[in-house]
2 protein chains.
Amino acid sequence: MSKKKSICPLAFALDQVGDRWTFMILRNAFFGMRRFSDFVSDLGIARNILSQRLEAMVANGLFTIVPSETDARVTEYRLTKKAKELSSALVAMRMWAEKWHPDIDFKGELIDIATHKKIKQLRFRTTDNQDVAPENVRVEYAP
Amino acid sequence: MSKKKSICPLAFALDQVGDRWTFMILRNAFFGMRRFSDFVSDLGIARNILSQRLEAMVANGLFTIVPSETDARVTEYRLTKKAKELSSALVAMRMWAEKWHPDIDFKGELIDIATHKKIKQLRFRTTDNQDVAPENVRVEYAP
DNA sequence: CGGTATCCCTGAAGATACTG
DNA sequence: CAGTATCTTCAGGGATACCG
C-alpha cells in the first residue's frame with residue numbers, strides 16, 4: 001500500500017471509508033445504531049479498534065458526537081449529511097450483490113419510502129436533468 | 001475481522017471487492033488496462049499480491065483471461081459484465097468525493113457518452129420505473 | 001511476459017485490564 | 001458507559017529471485 005495524496009477521487013474516498021470496519025460501522029449507523037457498546041457487541045470489533053475508527057470518522061466529518069438527551073452519561077454518534085449521502089454508494093453495492101448472487105438469501109429489501117415500492121435500478125442524471133443509464137457514464141479527461 | 005458467510009449483501013460485496021487493491025485494479029481496468037505488467041507498474045503493487053488479487057477476481061467472475069489476439073505471449077484480463085456493472089458503485093463514490101471535497105483537484109469528469117453532458121446526480125427507479133431520490137431509499141425487512 | 005516461490009517485516013487487529 | 005493504555009500475535013504486503 002502506501003498512497004499519499006492521491007488525485008484519484010476513488011482513492012480519496014477509499015482513504016475515508018475504504019476500510020472494512022468503517023463500512024460495517026456505517027452500515028449499522030444507517031440502521032440507527034449510535035452507541036459505542038452497540039457497535040462493539042454487534043460487530044464484534046475490539047474496543048480500541050472501534051475507538052480508532054470512530055475517531056477517524058469524526059475527523060473526516062462522517063459522525064458528530066452528541067451527548068444523549070435521555071441519558072447524560074451516554075454519547076451518541078450521529079451520521080452527518082456527508083455520511084448519509086454515502087448511502088447511495090452502499091445501496092449501489094447492495095444492488096450489485098443482489099443482482100449477481102440471487103442464490104444468496106439476503107435479508108431485507110430496498111424500497112422507496114414514499115411509495116413503498118421496490119427499488120430496481122440505478123440511474124444518473126446530467127446537469128440539465130436528463131436521464132442517463134449507468135453504462136453510459138464515463139470519466140473523461142480534459143487535455 | 002473474520003466474517004464467514006454473512007447474510008448482509010454489503011459484507012458479501014466487500015468480500016469480493018472490499019480490498020483496496022481490488023478497487024484500484026478495477027478502476028484501472030475500467031480505464032482500459034488489461035495486462036499484468038501494466039498493473040504492476042502503474043499501481044506499484046507487488047507481483048505476488050497482484051497475482052493473488054487477479055486470481056481471486058477471476059474466481060469471483062470479475063475478470064476473464066483471454067490470450068491477446070495481437071501478441072500470443074500476452075494475456076489479457078477482461079472485465080466481465082458483472083464487473084462492469086460495479087462501476088455504478090465506483091461512480092457513486094466518485095461523485096460523493098467530488099461533492100464533499102470540492103477543494104481537491106480531481107482529474108477527469110463524469111460525462112454521458114451519448115450527449116457528452118456532465119453527470120450531476122444519482123437516482124433510483126422502482127420496479128415500475130418511477131424515479132426515486134437517493135434519500136428516499138431504505139432497506140426494509142419482512143417480518 | 002506473466003507469473004510463482006520465498007523470506008522478511010511491519011502494522012493492524014485482538015484481548016484484556018484499567019479509568020473518568 | 002465510553003473509552004484509553006498495553007501487550008501480543010499474525011497475516012498481509014513488499015522485495016527479490018527464479019521459471020515456463
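Each chain gets a letter, A, B and so on, in the order the sequences are listed, and its residues count up from 1.
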message: In whole Å, I'd like the distance from the CE atom of B/Met33 to the C1' atom of C/dG2.
response: 15 Å

field: Side chain of A/Arg35 - closest among D/dC1, D/dG3, C/dC1
entry: D/dC1

- prompt: So if you build clusters from Ile, Leu, Val, Met, Phe, Trp, Tyr with side-chain heavy-atom gaps below 4.5 Å, do B/Phe30 and A/Leu122 land together?
  reply: no

query: Roughly, in whole Å, what's the span from CG in B/Asp38 to P in C/dC1?
result: 9 Å

- prompt: Is the side chain of B/Lys84 donor-acceptor paired with the backbone N or O of A/Glu135 at a distance under 3.5 Å, no angle test?
  reply: no

- prompt: For the side chain of B/Ser51, counting heavy atoms from C-beta on, which of C/dA12, D/dA2, C/dT4 is nearest?
  reply: C/dT4

task: For B/Leu50 and C/dG2, give me the distance from atom CG to atom P, rounded to whole Å.
output: 10 Å

- prompt: Rounded to the nearest Å, what distance is computed from the CG atom of residue B/Asn48 to the P atom of nucleotide C/dC9?
  reply: 16 Å

query: Should B/Met93 and B/Phe124 be counted in the same cluster of Ile, Leu, Val, Met, Phe, Trp and Tyr side chains packed under 4.5 Å apart?
result: no

- prompt: Between D/dG12 atom P and B/Asp19 atom CG, what is the distance in whole Å?
  reply: 10 Å

statement: The answer to which of A/Ile65 and B/Ile49 contacts DNA chain D further toward the 5' end, by nearest nucleotide, is A/Ile65

query: With a cut-off of 6.0 Å (strictly less than), are more than 12 heavy atoms of other residues, nucleotides or ligands near NZ of B/Lys82?
result: yes

message: Tell me the interatomic distance from B/Phe39, atom CZ, to D/dG13, atom P, rounded to whole angstroms.
response: 17 Å

query: How many Å lie between CH2 on B/Trp21 and P on D/dG13, as a whole number?
result: 9 Å

message: Tell me the interatomic distance from A/Arg47, atom CZ, to C/dA15, atom C1', rounded to whole angstroms.
response: 12 Å

- request: With heavy atoms under 4.0 Å as the rule, sort A/Tyr77 into base, sugar-phosphate or nothing.
  value: sugar-phosphate

query: Does a side-chain N or O from B/Ser37 land closer than 4.0 Å to OP1 or OP2 of C/dG2, or not?
result: yes

query: Which residue, B/Thr75 or A/Gln52, contacts DNA chain C at a nucleotide closer to its 5' end, judged by nearest heavy atom?
result: B/Thr75

